[in-house]
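Everything on this sheet refers to the single structure shown next.
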Amino acid sequence: MKKTGMAKSDAKKLMGKMTAPGAAGFGQGESVAVDKREQRKRDQALGLVPFAVKLNGDLVQQLHALAKERGLDMNETVAEVLAKGLAT
């Protein structure tokens, strides 16, 4: 095998490791991957329901800015804004 062929083979192996499950922390030591099924069970126990909507880009930017300003994640920020809006 030529040198370039060996380099391609090594690159393919490396890319395969990077796309493998649990490779989110690739190169950063061991990482704990949360199973999607387990995460879904945790969310259900908290009474959370997935709810997808399509929003205008400007509105999303405002929500991101508000979340960053308050130090909350997007889920908490959107829930808070919706609760206030529905209460009025």
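Quick caveat: nothing in here was measured; it's all calculated off a predicted structure.
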For residues 4-11, which side-chain N or O atoms pair as donor and acceptor with protein atoms under 3.5 Å away, sequence neighbours left out?
none

*Hydrophobic side-chain clustering at under 4.5 Å (ILVMFWY, transitive links): who's grouped with Leu48? Put none if nobody.*
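Its cluster mates, by chain and number, are Leu46.
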*Under the criterion side-chain contact (heavy atoms from CB on, under 4.5 Å), which of Arg40, Gln39, Lys41 is the partner of Asp43?*
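So, applying the side-chain contact (heavy atoms from CB on, under 4.5 Å) to Asp43 and each of Arg40, Gln39, Lys41, only Gln39 qualifies.
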Would you be so kind as to tabulate the donor-acceptor pairs closer than 3.5 Å made by side chains of residues 50-75, with sequence neighbours excluded?
from	atom 1	to	atom 2	distance (Å)
Asn56	OD1	Asp58	N	3.0
Arg70	NH1	Glu80	OE2	2.0
Asp73	OD1	Glu76	N	3.0

